[in-house]
Engineer: 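So that we are looking at the same thing, I have put the structure below in structure tokens.
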Amino acid sequence: MIYDPPKPVIKIRNLVKSFGPFTALSGISLDINPSEVVCIIGPSGSGKSTLLRCTAFLEEYTSGEVEIEGRLLGYRKTPAGMVRESERNIDTARRNVGMVFQHFNLWPHMTVLDNVTLGPRLTKGVPAAEVSEKGRIALAKVGLADFTDRYPSRLSGGQQQRVAIARALAMEPHVILFDEPTSALDPQLVGEVLDVMKQLANEGITMVVVTHEMGFAAQVANRVVFMDRGQVVEQGSPDKLFNEPESPRLQEFLDTWRQRNLLFRSEPQQLVAAC
């Protein structure tokens, strides 16, 4: 019997993004496979968040291709070249992609449940009773079953981010993109958000996570991608990437973390999950 490997949920080919004379992404190619957790790490300004935003077409890429479940996102091919798609077709192509941002972006005048269920009601036309039940299930999954009637102003930062994750889950996405989901949180609130993300990973949800939490990446990721200056410098399993880096730039990046005593035990080359 011939093994037929699963097709990537996301396929990125030769992706370039320029802001005027500045090139933020320089020909990136990357596949994200079903049920895979991919953590993207690298120094600030390396293009991590830009890559994620281009993947969801929240930022128009300059050239290259992004496919979501085999469907080209953002553009269509014509004899004259690539032509931008209509907003309707763009929304259809990415309807199975959820996004969790650094900042929670919750509507302050809406309850937690209304924030979570707004997307399915507006974009998928799910009946009110059904969408309410889905929203409650999503909130229970992130540990906020008793918070349906609260308003965002009555929640901690960690709770608001968990609501944002529940909002993404309520759309029943096939993949969730996380853009530094803990960077806006106080240190004592980071753990509760990471615990929810670990649970989602254990359930087999496909996740792409831009993060500075190296411990989370070491503990949860199937694959870690290191970016620098708009390029993928190195990628591989957490154990390989963190303990046997091949590129001098990645070695330098990890040495900086070691020196700050944030991620490593005193024993050489032994990564500890900081979460």
Engineer: One pair to check against side-chain contact (heavy atoms from CB on, under 4.5 Å): Leu144 and Val112. What are the steps and the verdict?
Structural biologist: CA-CA 9 Å; Leu144 295 175; Val112 163; 5.6 Å; no
Engineer: Report yes if the side chains of Ser132 and Leu113 come closer than 4.5 Å at any heavy-atom pair, otherwise no.
Structural biologist: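 Yes; the side chains approach each other to less than 4.5 Å.
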Engineer: What pair of heavy atoms forms the shortest contact from Ala217 to Pro238, and how long is it?
Structural biologist: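 Taking every non-hydrogen atom into account, O-CG, 3.7 Å.
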Engineer: Start with the C-alpha gap between Ser63 and Asn14, add the side-chain angles, then the distance that decides, and say whether side-chain contact (heavy atoms from CB on, under 4.5 Å) holds.
Structural biologist: CA-CA 7 Å; Ser63 64; Asn14 302 315; over 6 Å; no
Engineer: Measure across Thr62 and Ser18 and return the closest heavy-atom pair with its distance rounded to 0.1 Å.
Structural biologist: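 Smallest interatomic distance, heavy atoms only, reads OG1-N, 2.9 Å.
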Engineer: Is it the case that Ser49 and Asp179 place a side-chain donor and acceptor less than 3.5 Å from each other?
Structural biologist: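 Yes, side-chain donor-acceptor contact under 3.5 Å.
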Engineer: Please list, chain by chain and in numerical order, all residues satisfying side-chain hydrogen bond (donor to acceptor under 3.5 Å, both in side chains) with Asn115, sequence neighbours excluded.
Structural biologist: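 Once residues adjacent in sequence are excluded, Asn115 has no partner under the side-chain hydrogen bond (donor to acceptor under 3.5 Å, both in side chains) criterion.
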Engineer: Would you list the pairs meeting ring pair (Phe, Tyr, Trp, His ring centres under 6.0 Å) in which at least one residue belongs to residues 59-99, sequence neighbours left out?
Structural biologist: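 Every pair satisfying ring pair (Phe, Tyr, Trp, His ring centres under 6.0 Å) with a residue in residues 59-99: Phe57-Tyr61, Phe57-Tyr75, Tyr61-Tyr75.
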Engineer: Tell me whether Val16 is reachable from Val233 by hopping between hydrophobic residues (I, L, V, M, F, W, Y) whose side-chain heavy atoms are closer than 4.5 Å.
Structural biologist: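 Unlinked, Val233 and Val16 end up in two clusters.
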Engineer: Does the Thr211 side chain pair with the main chain of Glu213, one donor and one acceptor, at a distance under 3.5 Å?
Structural biologist: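 Pair found, side chain donor or acceptor close to backbone of Glu213.
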Engineer: With sequence neighbours left out, what residues match Gln231 under side-chain hydrogen bond (donor to acceptor under 3.5 Å, both in side chains)?
Structural biologist: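 For Gln231 there are no side-chain hydrogen bond (donor to acceptor under 3.5 Å, both in side chains) partners, ignoring immediate neighbours.
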Engineer: Return the set of residues passing side-chain contact (heavy atoms from CB on, under 4.5 Å) with Val9 (not counting sequence neighbours), or none when no residue passes.
Structural biologist: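 Scan of Val9 (side-chain contact (heavy atoms from CB on, under 4.5 Å), adjacent residues dropped) gives Pro34, Glu69, Val175, Thr206.
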Engineer: Tell me every residue that passes side-chain hydrogen bond (donor to acceptor under 3.5 Å, both in side chains) with Asp91, counting only those two or more places apart in sequence or in another chain.
Structural biologist: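 Applying side-chain hydrogen bond (donor to acceptor under 3.5 Å, both in side chains) to Asp91 gives Arg94.
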Engineer: Rounded to the nearest 0.5 Å, what separation is found between the CD atom of Gln219 and the SG atom of Cys39?
Structural biologist: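 So the CD of Gln219 and the SG of Cys39 are separated by 11.0 Å.
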Engineer: If you measure from the Lys or Arg side-chain nitrogens to the Asp or Glu carboxylate oxygens, is any gap between Glu65 and Arg13 under 4.0 Å?
Structural biologist: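 Salt bridge absent between Glu65 and Arg13.
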Engineer: Can you get from Ile68 to Leu51 by hopping between Ile, Leu, Val, Met, Phe, Trp and Tyr side chains that sit under 4.5 Å apart?
Structural biologist: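 Yes; tracing contacts between hydrophobic side chains, which count when under 4.5 Å, links both residues.
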Engineer: Apply side-chain contact (heavy atoms from CB on, under 4.5 Å) to Phe19 and list each qualifying residue two or more places apart in sequence or on a separate chain.
Structural biologist: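 Listed in chain order: Lys17, Phe22, Ala24, Thr50, Glu59.
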Engineer: Does Met99 belong to the same Ile/Leu/Val/Met/Phe/Trp/Tyr cluster as Leu194, with side-chain heavy atoms less than 4.5 Å apart forming each link?
Structural biologist: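 No, separate clusters.
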Engineer: Side-chain heavy atoms under 4.5 Å apart, restricted to Ile/Leu/Val/Met/Phe/Trp/Tyr: what other residues fall into the cluster of Leu122, or is it alone?
Structural biologist: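 Noted: Leu122 shares its cluster with Trp107, Met110, Leu118.
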Engineer: May I ask you to decide if Thr92's main-chain N or O and Arg71's side chain share a donor-acceptor pair within less than 3.5 Å?
Structural biologist: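 A pair under 3.5 Å: no.
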Engineer: Using the side-chain contact (heavy atoms from CB on, under 4.5 Å) criterion, which residues pair with Ser35? Sequence neighbours excluded.
Structural biologist: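 Expected list: none.
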Engineer: State, yes or no, whether a side-chain contact exists between Val209 and Val38 at a heavy-atom distance under 4.5 Å.
Structural biologist: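 No; the side chains remain at least 4.5 Å from each other.
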Engineer: Check the hydrophobic clustering (I, L, V, M, F, W, Y; side-chain heavy atoms under 4.5 Å; chains of links allowed) and say if Val116 and Val193 are grouped together.
Structural biologist: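 Yes; tracing contacts between hydrophobic side chains, which count when under 4.5 Å, links both residues.
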Engineer: Going by side-chain hydrogen bond (donor to acceptor under 3.5 Å, both in side chains), name the residues that satisfy it together with Thr111, two or more places apart in sequence or in a different chain.
Structural biologist: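 Residues passing side-chain hydrogen bond (donor to acceptor under 3.5 Å, both in side chains) with Thr111: Asp114.
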Engineer: Can Ile137 be reached from Phe147 by stepping across I, L, V, M, F, W or Y side chains whose heavy atoms are under 4.5 Å apart?
Structural biologist: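 No, because Phe147 and Ile137 fall into different hydrophobic clusters, even though each may have its own neighbours under 4.5 Å.
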Engineer: Does Glu234 come within less than 4.0 Å of Arg249, counting only side-chain N to carboxylate O?
Structural biologist: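 Salt bridge: no.
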Engineer: Assess whether side-chain contact (heavy atoms from CB on, under 4.5 Å) is satisfied between Arg76 and Asn89, documenting all intermediate values.
Structural biologist: CA-CA 10 Å; Arg76 68 179 185 274; Asn89 286 341; 5.9 Å; no
Engineer: In Å, rounded to the nearest 0.5 Å, how long is the span from CD of Gln251 to CD of Glu244?
Structural biologist: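 Those atoms lie 11.0 Å apart.
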Engineer: Taking the side chain as everything from C-beta on, heavy atoms only, tell me whether Pro43 gets closer than 4.5 Å to Phe226.
Structural biologist: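 Side-chain contact under 4.5 Å: yes.
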Engineer: As an exercise, state the distance from CG of Asn222 to OG of Ser237, rounded to the nearest 0.5 Å.
Structural biologist: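 Rounded to the nearest 0.5 Å, the CG-OG separation comes to 10.0 Å.
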Engineer: Side-chain contact test, heavy atoms from C-beta onward, threshold under 4.5 Å: evaluate it for Ile40 versus Met227 and give yes or no.
Structural biologist: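 Heavy-atom side-chain distance check passes, below 4.5 Å.
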Engineer: Please determine whether side-chain contact (heavy atoms from CB on, under 4.5 Å) holds for the pair Met207 and Glu36, giving the CA-CA distance in whole Å, both sets of side-chain angles, and the decisive distance to 0.1 Å.
Structural biologist: CA-CA 6 Å; Met207 298 163 55; Glu36 188 177 28; over 6 Å; no
Engineer: Drop me the distance from Thr55's OG1 to Glu67's CD, to the nearest 0.5 angstrom.
Structural biologist: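 Here the interatomic distance stands at 12.5 Å.
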Engineer: So, taking the atom named CD in Glu85 and the one named CD in Glu87, what distance separates them when rounded to the nearest 0.5 Å?
Structural biologist: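 Going from the CD atom of Glu85 to the CD atom of Glu87 covers 10.0 Å.
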Engineer: Enumerate the ring pair (Phe, Tyr, Trp, His ring centres under 6.0 Å) contacts for residues 165-199, please, sequence neighbours excluded, ordered by first and then second residue.
Structural biologist: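 For residues 165-199: none.
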Engineer: Look up atom CG in Leu73 and atom CD1 in Ile10, then write down how far apart they are to the nearest 0.5 Å.
Structural biologist: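 Between Leu73 CG and Ile10 CD1, I get 9.0 Å after rounding to 0.5 Å.
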Engineer: With sequence neighbours excluded, what pairs up with Glu203 under the side-chain contact (heavy atoms from CB on, under 4.5 Å) test?
Structural biologist: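 Scan of Glu203 (side-chain contact (heavy atoms from CB on, under 4.5 Å), adjacent residues dropped) gives Lys141, Gln199, Leu200, Ile205.
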Engineer: Under a 4.5 Å cut-off applied to non-hydrogen side-chain atoms, are Thr182 and His212 in contact?
Structural biologist: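 No, too far: nothing below the 4.5 Å cut-off.
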Engineer: Minimum heavy-atom separation for Ala138 and Leu169, please, with both atom names.
Structural biologist: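 Between these two residues, the closest heavy atoms are CB-CB, 4.2 Å.
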Engineer: Work out which heavy atom in Pro245 is nearest to a heavy atom in Asn243; give both atom names and the distance.
Structural biologist: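 So the minimum-distance heavy-atom pair works out to CD-C, 3.4 Å.
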Engineer: Please find the pair of heavy atoms, one from Gly98 and one from Pro173, that lie closest to each other, and give the distance.
Structural biologist: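 So the two residues come closest at N-CB, 3.5 Å.
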Engineer: Evaluate the side-chain proximity of Gln235 to Leu30: yes if any heavy-atom separation is below 4.5 Å, no if none is.
Structural biologist: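 Leu30 reaches Gln235 side chain to side chain.
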Engineer: Name each donor-acceptor pair under 3.5 Å that joins a side chain in residues 150-166 to protein atoms two or more places apart or in another chain, with its distance.
Structural biologist:
| from | atom 1 | to | atom 2 | distance (Å) |
| --- | --- | --- | --- | --- |
| Ser156 | OG | Gln159 | N | 3.2 |
| Ser156 | OG | Gln159 | OE1 | 3.4 |
| Gln159 | OE1 | Ser156 | N | 2.9 |
| Gln160 | NE2 | Leu155 | O | 3.4 |
| Gln161 | NE2 | Phe101 | O | 3.0 |
| Gln161 | NE2 | Pro181 | O | 2.7 |
| Arg162 | NE | Glu192 | OE2 | 3.2 |
| Arg162 | NH1 | Val142 | O | 3.0 |
| Arg162 | NH2 | Glu192 | OE2 | 3.0 |

Engineer: What pair of heavy atoms forms the shortest contact from Cys54 to Val66, and how long is it?
Structural biologist: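 Shortest heavy-atom separation between Cys54 and Val66 comes out as O-CG2, 4.2 Å.
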